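Accompanying notes for the structure given below.
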Amino acid sequence: MRAEGAERSPRGGPTARLALGLSRRRRPSAQVCADCGYVYDKRIFGGRYFEEQTYGFKCPQCSGPRRRYAKMVGDTVGVTLDGGDGPILFWSGVGFLVTIAIGVWISNSDF
């Protein structure tokens with residue numbers, strides 16, 4: 001079925017799809033539950049991609065909320081390019097030491 005005025009490219013590709021109002025989508029990546037490790041399978045949910053799930057979706061294995069799912073990239077989950085947990089742990093340690101130092105200073109002062 002072709003839309004009126006839709007030009008067909010030699011391979012029947014982008015020109016025809018765009019004229020019909022169909023956009024090229026990137027294939028959604030797999031999603032995995034961060035709590036239990038369940039990998040979302042769209043075949044179980046009637047062909048619906050994870051991104052199309054509505055509010056109130058729960059993990060079928062552990063009943064975790066939708067926000068607990070992370071994108072799976074290759075064999076790893078939730079890959080970020082921001083340095084991981086290292087900076088968070090470092091600055092948390094610095095904050096802890098500063099808090100202890102202030103506490104010691106206040107306890108030794110003559111207020």
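Small disclaimer: the values here were computed from a predicted structure and weren't measured. Because only heavy atoms are used, hydrogens play no part in the values below, and waters and symmetry mates are left out as well, while side chains stay in. Along the sequence shown, residues carry numbers from 1.
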message: For a side chain to side chain contact (heavy atoms under 4.5 Å, CB included) check, start with the C-alpha distance between W91 and F96, then their side-chain angles and the critical distance, and finish with the verdict.
response: CA-CA 8 Å; W91 289 109; F96 177 73; over 6 Å; no
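- From K71, atom NZ reaches atom CD of E51 across 6.0 Å, with rounding to the nearest 0.5 Å.
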message: Determine whether Y40 and Y49 satisfy the following criterion, side chain to side chain contact (heavy atoms under 4.5 Å, CB included), listing intermediate values before the conclusion.
response: CA-CA 9 Å; Y40 181 85; Y49 287 107; 5.7 Å; no
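- Side-chain contact check for T54 versus R48: some heavy-atom pair is nearer than 4.5 Å.
- Minimum interatomic distance between Q61 and C36 (heavy atoms only, all atoms of both residues): CB-SG, 3.9 Å.
- We find the CZ-CD distance between F45 and E52 to be 13.0 Å, quoted to the nearest 0.5 Å.
- Counting only heavy atoms from C-beta outward, the side chains of P65 and F57 never approach each other to under 4.5 Å.
- Looking at heavy atoms from C-beta onward, Y38 lies in side-chain contact with P60 at the 4.5 angstrom threshold.
- Of all heavy-atom pairs spanning D35 and C62, the tightest one is CB-SG, 4.0 Å.
- Of all non-hydrogen atoms in G95 and T99, the two that sit nearest each other are O-OG1, 2.8 Å.
- Without hydrogens or angle criteria, R66 side chain to F50 main chain gives a donor-acceptor distance under 3.5 Å.
- Put simply, L97 and W105 are part of two different groups of oily side chains (I, L, V, M, F, W, Y) that touch within less than 4.5 Å, one to the next.
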